[in-house]
Visitor: 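Okay, here's the structure, questions in a sec.
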Amino acid sequence: MPSNSFDRYLEKTRTLADINAAIAVLSWDQETYMPHGAAVARAEQIATLSTLSHQMTVADEYRAILDEVKVDAANGLLEEWEKAAVRESVREFEQASKLPEDHVRDFARAQSLAQHAWKEARDRSDFSIFADSLAHLVQLKRREAELFGYDENIYDALIDLYEPGMTVAQLRPVFQRLMEGTRVILARIRESGAEVSNDLLTRKFDPEKQISFAKETVAKLGFDFRTGRVDLSAHPFCTSFAPSDVRLTTRVFSNDLRSCLFGLIHEAGHGMYEQGIDARFVRTPLASGTSMGIHESQSLFWENMIGRSERFWQWAFPKLQNQFPESLAGATPSDFFRAINVVQPSFIRIEADEMTYNLHIIIRFEIENALINGEIEVADIPALWNRKMEEYLGIVPKNDAEGCLQDIHWSFGGFGYFPSYTLGKLYAAMFYDQAKKDLPGLEDEIASGEFGRLLGWLRANIHQHGKAKRSAELATAICGKLLTEEPFLAYMTAKVEKVYGLGELAGNDVAAESAPAGA
Ligand code: ZN
């Protein structure tokens with residue numbers, strides 16, 4: 001028998017973690033290998049396990065154990081990480097105990113069916129196939145938000161699930177300043193008249209070779225294939241059953257080099273975070289990322305700060321060219337760097353450039369806010385989506401598949417998740433600024449394909465802490481400041497100046513092309 005309350009607590013969290021991992025395995029299989037006809041059976045299986053997990057989380061016995069360990073924590077009997085684990089369990093308990101069992105079962109079933117409907121709707125580009133299941137999910141999420149409670153805005157209760165403490169009131173001004181900064185940079189590109197071609201990315205690229213190059217690249221960055229694997233799915237994602245079992249997915253198009261490679265680098269950023277969590281946290285609530293925003297900071301860090309940098313491609317481009325000698329004939333690392341950083345409004349969020357990506361997020365944030373607040377109906381989404389695309393990005397999707405049906409998030413009821421992506425970009429830029437200060441010579445290492453010290457820095461400052469620290473605590477400890485959009489806008493400005501040669505137009509007459517590489 002366990003000898004004290006923390007041991008009894010650990011026994012419970014381990015059982016809960018195992019059930020939740022089993023749910024994650026079933027969900028991963030649903031997205032990768034499950035036959036089409038299994039949708040209803042799988043929905044029942046996931047619903048059963050979700051109900052079991054919920055019952056355990058809200059059981060009186062578990063409540064009693066949590067009460068005991070809370071006392072131990074208050075009496076200084078627990079280590080820091082143990083106190084953090086208890087804090088997270090109490091938060092989960094309080095959230096779960098507000099949800100009646102019938103709601104949990106209804107939601108899990110609605111979620112599975114909606115994912116199935118979404119896939120069919122997207123394949124046939126027919127929003128009406130998805131509309132009823134989406135409306136059902138919205139109704140259930142509104143009920144959930146009411147049960148959780150909120151101060152100002154019902155949508156805050158859902159954002160808080162992914163980014164604890166974040167609210168619409170805090171996000172609006174950040175998004176506003178980003179919109180303004182984005183407009184300034186976009187205007188500079190437009191006024192310069194400079195154009196950069198990305199044609200070389202849409203030539204013919206053998207899918208098998210793309211997958212193997214992407215896998216080799218993420219292995220080099222530090223994704224550990226002894227504790228992870230890669231498969232294909234309609235929408236790329238990362239899921240972790242344990243730090244020793246991390247699954248990534250990607251997708252591949254023979255006429256576009258970006259989707260598979262950058263999709264996998266992105267997911268590997270999530271995956272390396274999960275693989276780097278402190279071993280003591282396994283099968284406790286701390287064995288995951290701090291928040292979705294911090295999780296995105298890790299994927300976007302590798303995808304954008306590193307994977308779309310000039311120095312990275314000084315090292316990687318010859319290898320890529322070696323894989324695709326015909327399609328990339330005559331191209332230089334600089335051509336490639338510029339091609340992958342073209343700023344151009346586009347329909348698909350995950351293929352958008354770093355600059356206009358945030359506008360995609362703002363559209364989803366505004367639609368979700370209106371939907372959860374009951375200001376619009378599900379049936380209004382396609383028209384509203386297209387109107388906002390025209391207003392913010394100046395383009396209109398020709399069908400719903402490349403419009404409001406493109407993302408998987410709503411099909412699992414993930415309202416409140418999208419803002420995390422933009423938060424991730426802001427945190428990533430803050431962290432990269434600091435990493436460059438802490439690791440002199442870092443950029444030269446990147447240019448020679450050395451990522452060990454950088455991964456070590458991320459492990460020490462972010463990964464190992466799992467969920468033991470909150471976003472604000474991490475940002476303050478690492479950068480000495482709270483969330484700010486300034487490093488992101490500065491980083492973006494510098495990159496766009498390089499890609500479009502805007503520095504020359506601003507007064508420096510030396511042609512960038514004639515400068516030595518890496519200068
Ligand atoms: Zn991501």
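Counting starts at 1 for both ligands and their atoms, in listed order. Quick caveat: nothing in here was measured; it's all calculated off a predicted structure. The residues of the chain are indexed from 1 along the displayed sequence.
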Visitor: The Zn ion (ligand 1) to H295: any N/O/S contact under 2.8 Å?
Guide: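 Given the 2.8 Å cut-off, H295 does not count as a ligand of the Zn ion (ligand 1).
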Visitor: Looking at E296, which of its N, O or S atoms is the nearest one to the Zn ion (ligand 1)?
Guide: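 This residue's closest N, O or S atom turns out to be OE2.
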Visitor: In plain terms, say whether E391 and R387 are close enough for a salt bridge, that is, a side-chain N and a carboxylate O under 4.0 Å apart.
Guide: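 No salt bridge links E391 with R387.
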Visitor: Checking only N/O/S atoms, does C238 have one that is under 2.8 Å from the Zn ion (ligand 1)?
Guide: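 Looking at C238, which is the residue asked about, there is no N, O or S atom under 2.8 Å from the Zn ion (ligand 1).
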Visitor: Among all residues two or more places apart in sequence or in another chain, which pass the salt bridge (charged side-chain N to carboxylate O under 4.0 Å, His left out) test with E216?
Guide: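 Scan of E216 (salt bridge (charged side-chain N to carboxylate O under 4.0 Å, His left out), adjacent residues dropped) gives none.
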Visitor: Using 0.5 Å steps for rounding, measure from the CG atom of D400 to the CG atom of L405.
Guide: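 Going from CG on D400 over to CG on L405, the span is 5.0 Å.
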Visitor: Testing H270, H266, H463 one by one against H295 for a ring pair (Phe, Tyr, Trp, His ring centres under 6.0 Å), which residue passes?
Guide: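 Considering H270, H266, H463, a ring pair (Phe, Tyr, Trp, His ring centres under 6.0 Å) with H295 is found only for H270.
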